K.L.:
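For reference, the structure I am asking about is given below.
We number each residue from 1, following the sequence as shown. Keep in mind the model is a prediction, meaning the values are calculated, not measured.
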Amino acid sequence: MRVLVSGLYGHMGREVAALLLKGVEGGQLAAGVSLDIDGSIPVPCSESFKDADPDVDCIIDFSHHSCTKDLMDFAISHDLPVILATTGQTPEEKKMIDDAAEQIPVFFAANYSLGVALLIDLAKKAAAVMQDADIEIVETHHNRKLDAPSGTALAIANAIREVRPGSNIITGRSGYSKREPGDIGISSVRMGNIVGIHEVVIATPNQSITLKHEAFSRALFAEGALKAAAFLVGQKPGLYDMNSLLTQ
């Protein structure tokens with residue numbers, strides 16, 4: 001499986017490259033696209049998709065959501081599966097992803113940890129059973145993370161909304177007002193070099209359940225992206241996510 005890594009010289013791009021150079025999941029680092037190229041990774045790398053090598057089996061993207069159009073145009077033109085591991089997309093960019101999935105296989109997840117996928121499933125089940133409970137999500141990341149709340153926190157909240165129609169997602173509480181029934185609160189913390197912590201608290205007046213996932217290394221997400229790539233190559237056009245891996 002020959003892989004092009006988009007965002008090759010970023011933090012996560014380097015993690016993916018390190019695993020590919022070891023042949024993890026049968027992968028081979030074949031090419032890269034990155035704005036910052038220092039030549040430290042032994043593979044051809046271009047600054048844009050117009051000069052990228054299309055002789056690959058799939059693309060793993062850990063770049064920036066602003067690259068969505070160029071990424072999808074390149075993937076469609078060369079009939080390449082895309083593992084999209086970038087968050088923060090605008091509604092217009094999300095539509096580009098949906099449209100692309102009608103022509104090529106696209107794996108799109110806010111978080112590539114199987115543990116987080118299980119956390120989301122458990123939170124959804126608990127919210128369905130404890131219909132009157134208050135639900136709050138606290139996500140903590142390093143001080144360089146740009147988007148808040150995290151894509152993972154939003155994925156958890158949206159999964160809970162599937163079993164609680166009409167719920168409102170409230171981000172970054174401030175001011176002077178009481179909590180409304182049905183609110184799903186999300187608080188974001190940014191500090192230090194924390195890879196990622198997500199906590200879901202489900203509380204009634206008499207009891208509470210706390211579900212927590214903590215990532216200890218960014219390699220976790222690189223490993224998940226490679227598992228997704230191994231799964232996606234050979235699939236039919238469509239939009240896939242972590243549930244696709246859990247239920248295969």
Side-chain angles (χ1 to χ4, degrees), residues 1 3-29 32-34 36 41 58-65 67-68 71 81-89 97 105-123 137-156 158-159 188-200 211-233 239-246 248:
M1 178 178 66
V3 180
L4 183 155
V5 179
S6 173
L8 179 63
Y9 282 88
H11 289 293
M12 284 307 307
R14 290 177 183 274
E15 293 282 359
V16 175
L19 294 180
L20 285 170
L21 289 171
K22 296 176 182 178
V24 173
E25 294 291 338
Q28 176 188 350
L29 181 61
V33 172
S34 186
D36 301 313
I41 301 174
C58 67
I59 303 167
I60 295 179
D61 175 64
F62 273 105
S63 60
H64 189 268
H65 69 85
C67 300
T68 300
L71 168 64
V82 176
I83 295 81
L84 191 59
T86 301
T87 59
Q89 286 86 2
I97 295 167
V106 178
F107 198 110
F108 185 24
N111 190 301
Y112 277 77
S113 161
L114 288 174
V116 165
L118 290 171
L119 172 69
I120 292 173
D121 185 58
L122 291 170
I137 301 166
V138 180
E139 55 97 353
T140 306
H141 288 84
H142 53 83
N143 57 22
R144 301 174 305 281
K145 186 170 178 60
L146 299 178
D147 55 323
S150 70
T152 300
L154 289 172
I156 296 169
N158 284 319
S188 300
V189 180
R190 298 289 178 267
M191 59 185 180
N193 196 37
I194 295 171
V195 175
I197 303 172
H198 291 87
E199 295 181 81
V200 184
L211 302 171
K212 178 180 177 180
H213 178 274
E214 182 170 359
F216 300 124
S217 168
R218 291 177 180 82
L220 167 69
F221 309 121
E223 290 170 355
L226 285 176
K227 287 184 182 297
F231 163 82
L232 196 65
V233 172
L239 195 59
Y240 301 84
D241 58 21
M242 293 303 288
N243 283 329
S244 306
L245 285 182
L246 292 177
Q248 66 174 319

K.L.:
Taking the side chain from Tyr112 and the backbone from Leu84, do they hold a donor-acceptor pair closer than 3.5 Å?
P.N.:
yes
K.L.:
Calculate, to the nearest 0.5 Å, the distance between atoms CG and NZ belonging to Leu114 and Lys227 respectively.
P.N.:
7.0 Å
K.L.:
Taking Ser6 for its side chain and Phe62 for its backbone only, find out whether a donor-acceptor pair lies under 3.5 Å.
P.N.:
no
K.L.:
Looking at Asp147 and Gly88, what are the two nearest heavy atoms and their distance?
P.N.:
OD2-N, 4.3 Å
K.L.:
Between Val82 and Leu232, which heavy-atom pair has the shortest distance, and what is it?
P.N.:
O-CD2, 3.3 Å
K.L.:
Which heavy atom of Met12 sits nearest to which heavy atom of Ala222, and what is that distance?
P.N.:
CE-N, 3.6 Å
K.L.:
Rounded to the nearest 0.5 Å, what's the gap from CE on Met242 to CZ on Phe108? Could you check?
P.N.:
13.5 Å
K.L.:
Please report the interatomic distance CE(Met1) to CG(Leu20), rounded to the nearest 0.5 Å.
P.N.:
6.5 Å
K.L.:
With a 6.0 Å cut-off on ring centres, are His11 and His142 close enough?
P.N.:
no
K.L.:
Shortest non-hydrogen contact from Ala229 to Ile60?
P.N.:
CB-CD1, 4.1 Å
K.L.:
Between Val195 and Phe221, is there a side-chain heavy-atom distance shorter than 4.5 Å?
P.N.:
yes
K.L.:
Could you state the interatomic distance from CZ (Phe107) to OG (Ser244), rounded to the nearest 0.5 Å?
P.N.:
5.5 Å
K.L.:
I'd like to know if the side chain of Glu139 and the backbone of Ser150 have a donor-acceptor N/O pair within less than 3.5 Å.
P.N.:
yes
K.L.:
Please give me the minimum heavy-atom distance between Ala230 and Glu25, naming the atom from each residue.
P.N.:
CB-OE1, 3.9 Å
K.L.:
Please report the shortest heavy-atom distance between Thr152 and His198, naming the atom on each side.
P.N.:
CB-NE2, 3.3 Å
K.L.:
Passes side-chain hydrogen bond (donor to acceptor under 3.5 Å, both in side chains), Ser34 versus Asp36? Steps please.
P.N.:
CA-CA 6 Å; Ser34 186; Asp36 301 313; 5.8 Å; no
K.L.:
Is it true that, when you exclude Lys145 itself, more than 12 heavy atoms of the residues, nucleotides or ligands shown sit nearer than 6.0 Å to its NZ?
P.N.:
yes
K.L.:
Begin from the C-alpha positions of His213 and Ser113 and carry the test side-chain hydrogen bond (donor to acceptor under 3.5 Å, both in side chains) through to its verdict.
P.N.:
CA-CA 10 Å; His213 178 274; Ser113 161; 3.3 Å; yes
K.L.:
Check Ile41, Val3, Leu19 against Leu29 for a side-chain contact (heavy atoms from CB on, under 4.5 Å) and give me the one that passes.
P.N.:
Ile41
